[in-house]
Amino acid sequence: MMHPNVVIHPFLELDASPALIAGLDGVFFEASNTKAFSSDAARAAFRDLWLGRYLAHDPAWAYVATAPDGRVAGYLAGSLDDPAVTPRFADIAYFAAFKDLTRRYPAHLHVNLAAEFRGHGVGARLIGRFVDDARVAGAPGVHVVTSRGARNVTFYTRNGFSEAGVAGEGAREVVFFCRKL
């Protein structure tokens with residue numbers, strides 16, 4: 001069932017108020033598989049790794065889904081920059097293993113939704129908006145990296161992504177999913 005009253009906004013068109021940032025953070029931490037942190041600094045570093053750097057360096061490639069009451073229903077934070085060669089992503093080790101793939105699929109994204117908005121087409125709409133805008137900007141392809149067996153694998157497959165590579169092993173195995181634009 002579609003959630004028709006959720007509106008997708010480019011992040012740059014919204015007032016980056018403390019309330020908006022708190023809403024984004026709420027969705028980010030609720031959707032994350034990592035729930036416990038050794039310190040506030042570790043929690044802040046985790047947030048910066050997967051959300052903050054995108055909002056700071058690539059705000060034109062971030063989108064926010066809002067519910068009719070103004071709550072953040074979800075977001076997509078992305079970049080068109082190849083993460084295997086862009087210094088600000090050097091702290092994510094698996095990109096080196098995927099450098100041949102990221103050259104062909106440089107755009108990448110992270111999408112998260114509040115639990116009550118999952119399964120209603122909001123994530124697909126966020127990806128659709130990012131993909132359309134990335135295509136217009138000339139990106140040749142887009143990718144996501146996720147853990148093997150993660151709940152989002154089916155979601156990405158339904159949204160046109162195909163498995164193209166694997167790095168790591170065991171509990172640290174990650175899968176590269178891509179989509180030609």
[X] to [Y] - nearest heavy-atom pair and separation:
X      : Y      : answer
Thr102 : His143 : CG2-CE1, 3.9 Å
Ile8   : Ala65  : CD1-CB, 3.7 Å
Phe117 : Ala67  : CZ-CB, 3.7 Å
Ala77  : Leu51  : CB-CD1, 4.0 Å
Ala31  : Asn112 : CB-OD1, 3.4 Å

(request) With side-chain contact (heavy atoms from CB on, under 4.5 Å) as the test, would you mind laying out the steps for Leu20 and Val72 before giving the verdict? (result) CA-CA 7 Å; Leu20 176 65; Val72 173; 3.8 Å; yes
So, the side chain of [X] versus the backbone of [Y]: is there a donor-acceptor pair under 3.5 Å, distance only?
X     : Y     : result
Ser39 : Ala42 : yes
Arg53 : Arg88 : yes
Asp81 : Pro83 : no

(request) Determine, stepwise, if the pair Val145 / Tyr94 fulfils side-chain contact (heavy atoms from CB on, under 4.5 Å). (result) CA-CA 9 Å; Val145 177; Tyr94 59 67; 3.5 Å; yes
Do the side chains of [Y] and [X] get nearer than 4.5 Å, heavy atoms only?
X      : Y      : answer
Tyr75  : Leu126 : no
Ile127 : Phe155 : yes
Leu80  : Phe130 : yes
Arg71  : Thr66  : no
Phe37  : Arg47  : no
Leu24  : Phe11  : yes
Val64  : Leu76  : no
Trp61  : Ser79  : no

(message) Is a donor from one side chain sitting under 3.5 angstrom from an acceptor on the other, for Tyr63 and Asp133?
(response) yes
(request) Evaluate the side-chain contact (heavy atoms from CB on, under 4.5 Å) criterion for residues Tyr156 and Val111: first the C-alpha distance (whole Å), next the side-chain angles of each, then the deciding distance (0.1 Å), finally the verdict. (result) CA-CA 10 Å; Tyr156 288 124; Val111 61; 3.5 Å; yes
Roughly how far, to the nearest 0.5 Å, is [atom2] of [Y] from [atom1] of [X]?
X      : Y      : atom1 : atom2 : value
Glu30  : Asp25  : CD    : CG    : 13.0 Å
Leu49  : Ile92  : CG    : CD1   : 4.5 Å
Phe161 : Asn152 : CZ    : CG    : 10.5 Å
Arg125 : Leu113 : CZ    : CG    : 10.5 Å
Phe95  : His108 : CZ    : NE2   : 5.0 Å

(message) With a sphere of 6.0 Å drawn around CG of Asp69, does it hold more than 12 non-hydrogen atoms of other residues, nucleotides or ligands?
(response) yes
(request) Decide side-chain contact (heavy atoms from CB on, under 4.5 Å) for Val6 and His120; before the verdict, give the C-alpha distance in whole Å, the side-chain angles of both, and the deciding distance to 0.1 Å. (result) CA-CA 10 Å; Val6 170; His120 297 286; over 6 Å; no
(message) Which residue is it: Trp50, Tyr54, Phe98? I am looking for the one with a ring pair (Phe, Tyr, Trp, His ring centres under 6.0 Å) to Phe89.
(response) Tyr54
(request) Start with the C-alpha distance between Phe46 and Phe28, add both sets of side-chain angles, then the distance that settles ring pair (Phe, Tyr, Trp, His ring centres under 6.0 Å), and finish with yes or no. (result) CA-CA 10 Å; Phe46 180 78; Phe28 172 77; 5.5 Å; yes
(request) Spell out, yes or no, whether Leu14 and Leu55 are grouped together once hydrophobic residues are joined by side-chain heavy atoms under 4.5 Å, including indirect joins. (result) yes
(message) Evaluate Arg135 against Asp132 for salt bridge (charged side-chain N to carboxylate O under 4.0 Å, His left out), listing each step before the verdict.
(response) CA-CA 5 Å; Arg135 183 181 295 118; Asp132 288 348; 3.3 Å; yes
(message) Could you tell me if Arg43 sits above the aromatic ring of Phe29, with its cationic atom closer than 6.0 Å to the ring centre and no more than 45 degrees from the axis?
(response) yes
For residues 168-181, which side-chain donor-acceptor pairs fall under 3.5 Å, sequence neighbours excluded?
unit_1, atom_1, unit_2, atom_2, d
Glu173, OE1, Arg148, NE, 3.1
Arg179, NH1, Asn159, O, 2.8

